[in-house]
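Working notes, beginning with the structure itself.
When a residue number appears, it is its place in the shown sequence, counting from 1.
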Amino acid sequence: MVLRKKKNDSAISGVGGSLTLMRSEHSSVRMVRENIQMNLGPKDYEVTVDFVFTNDGPATVALMGFPESGTGDVPSNPKQSGMKGFTTWVDGVPTKTVWTPVKSDDSGTYLAHWVKEVKFGAGQSRKIRVRYRSGYGGSATNGLRHFVSYDFTGANWKGTVDESTLSVTFQRPGSFIAAGTIRPAGGESGAVAFVQKGATLRKTWKDWEAQADFMMAFGAAPATWRTTVAPGDMEDTEAPIPGSVILPAGKTRTVVVPGPAPTSYDWCPPVFTATGGVPMVAVRSLGWLAETKLTPEDPTRDVKVTFGTHTGVFRLGDRVATLDGKKIVLSAAPRLLKESINDEGVLYVPLMPFASLIGLKLELLPGDHLARVSQ
């Protein structure tokens with residue numbers, strides 16, 4: 001099932017009993033700031049959003065609608081919300097909302113609003129809090145099985161938004177890789193360059209239209225690898241989670257190699273530590289250094305690896321190998337790990353001898369459990 005919930009406090013207009021998003025800015029009420037806190041639990045996630053609104057004009061009543069939508073294996077016209085809970089407050093006082101579905105077609109997508117009226121005196125500021133709990137969406141990204149999303153809808157309010165802060169905290173057990181993207185209205189998607197502190201990823205936008213779709217996909221990962229992302233780099237969109245190591249600049253990767261790997265992962269790591277403390281490298285993960293090819297692509301016993309101008313012949317489970325026509329004895333036998341997400345086998349060979357024999361620079365820092373590989 002793919003389920004996506006879109007949520008943010010938007011200004012809406014009521015006409016003849018129907019509710020529609022305002023196509024222009026509210027004449028006097030301004031969204032000053034919003035703080036979004038996503039807490040990712042084992043089975044679902046909870047979001048608390050704190051808004052500050054200010055009325056720059058005379059007394060008025062603002063009709064606010066917090067949008068919800070779903071797509072995938074959900075009804076196009078549901079009878080009730082797909083969320084697990086929804087509560088809202090105005091200046092700390094719980095406030096009643098009405099869940100109002102918007103009639104949709106049979107495309108598999110629905111839209112609804114949690115509607116409330118908020119009174120503003122002349123020049124008055126009000127604090128709005130919204131809290132909801134939802135199941136995770138299903139992601140089609142390889143290895144990233146879940147996603148969370150949030151829709152910024154600041155364009156419905158007067159002027160720009162002073163500040164929007166998004167915080168994502170991993171409260172579920174395990175280690176994860178994550179890919180956050182944002183698509184501004186009328187623009188192209190780009191990677192979100194989070195700042196990490198402990199188990200929390202945070203990003204702040206200032207003085208902006210606040211009209212954008214945010215989505216973060218994530219999946220279980222071994223504790224043997226983390227990578228980061230540069231702003232605008234869509235080829236490498238994983239963001240660091242607790243215990244990560246920031247990448248050095250250029251064609252260098254730093255990986256964590258703390259312990260043994262199980263037989264399969266949702267997404268296999270570039271490096272793990274085999275029995276006896278031997279760092280093993282996934283041959284495919286060296287593709288950023290030189291063109292790499294396996295023959296056959298899905299080996300079961302014998303495999304030929306072409307890495308740039310070098311050729312190696314390996315046998316799974318056998319430490320004797322041939323590299324550039326010379327027989328060598330490896331410190332550990334090549335092996336496969338399975339990716340459960342697609343049942344693909346990933347070939348691993350010993351990092352130390354392989355790196356030096358094919359001309360890579362290798363720095364191993366056992367005390368820090370780091371291996372740095374570069375050209």
State, to 0.1 Å, how close [X] and [Y] come at their nearest heavy-atom pair, and which atoms those are.
| X | Y | value |
| --- | --- | --- |
| G135 | D44 | CA-CB, 4.1 Å |
| S125 | T54 | OG-OG1, 2.7 Å |
| E34 | S164 | OE2-OG, 2.9 Å |
| R183 | G187 | CG-O, 3.5 Å |
| P94 | W89 | N-CD1, 3.3 Å |
| D318 | A333 | N-CB, 3.5 Å |

Atom [atom1] in [X], atom [atom2] in [Y]: separation rounded to 0.5 Å?
| X | Y | atom1 | atom2 | value |
| --- | --- | --- | --- | --- |
| T181 | E188 | OG1 | CD | 12.5 Å |
| K304 | T306 | NZ | OG1 | 5.0 Å |
| D50 | R131 | CG | CZ | 8.0 Å |
| M215 | D151 | CE | CG | 11.5 Å |
| W114 | K96 | CH2 | NZ | 12.5 Å |
| K206 | E163 | NZ | CD | 3.5 Å |

Check whether any side-chain N or O of [X] sits under 3.5 Å from a backbone N or O of [Y] as a donor-acceptor pair, and report yes or no.
| X | Y | answer |
| --- | --- | --- |
| N156 | E25 | no |
| N55 | P58 | yes |
| D324 | T311 | yes |
| S149 | F214 | no |
| Q211 | A185 | no |
| T95 | V93 | yes |
| R315 | D302 | no |

Take W208 and F152, measure what ring-ring contact (aromatic ring centres under 6.0 Å, His included) needs, and give me the verdict at the end. CA-CA 11 Å; W208 70 314; F152 296 92; 5.1 Å; yes
Are any non-hydrogen side-chain atoms of [X] and [Y] less than 4.5 angstrom apart?
| X | Y | value |
| --- | --- | --- |
| L316 | L347 | yes |
| I128 | T88 | yes |
| P299 | L336 | yes |
| F194 | T200 | no |
| F66 | T97 | no |
| L40 | M216 | yes |

side-chain contact (heavy atoms from CB on, under 4.5 Å) for H26 and W157? Distances and angles first, verdict last. CA-CA 5 Å; H26 194 282; W157 303 101; 3.8 Å; yes
Is there a donor in the side chain of Q37 and an acceptor in the side chain of T169, or the other way round, less than 3.5 Å apart?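 The answer is yes; a qualifying pair exists.
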In terms of ring plane angle, is the pair Y132 and F86 parallel, tilted or perpendicular, where the classes change at 30° and 60°?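 Plane angle under 30°, so parallel.
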Return the orientation label for the H146 and Y136 ring planes: parallel under 30°, perpendicular over 60°, tilted otherwise.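 Answer is tilted, since the angle falls between 30° and 60°.
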Please say yes or no: joined through hydrophobic side-chain contacts below 4.5 Å, possibly via intermediate residues, are [X] and [Y] part of one cluster?
| X | Y | answer |
| --- | --- | --- |
| V90 | M31 | yes |
| F307 | V313 | no |
| V195 | V168 | no |
| L330 | L294 | yes |

For D91, run the salt bridge (charged side-chain N to carboxylate O under 4.0 Å, His left out) check against K119, K127, R126 and tell me which one passes.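 For D91, the salt bridge (charged side-chain N to carboxylate O under 4.0 Å, His left out) test succeeds with only one of K119, K127, R126, which is R126.
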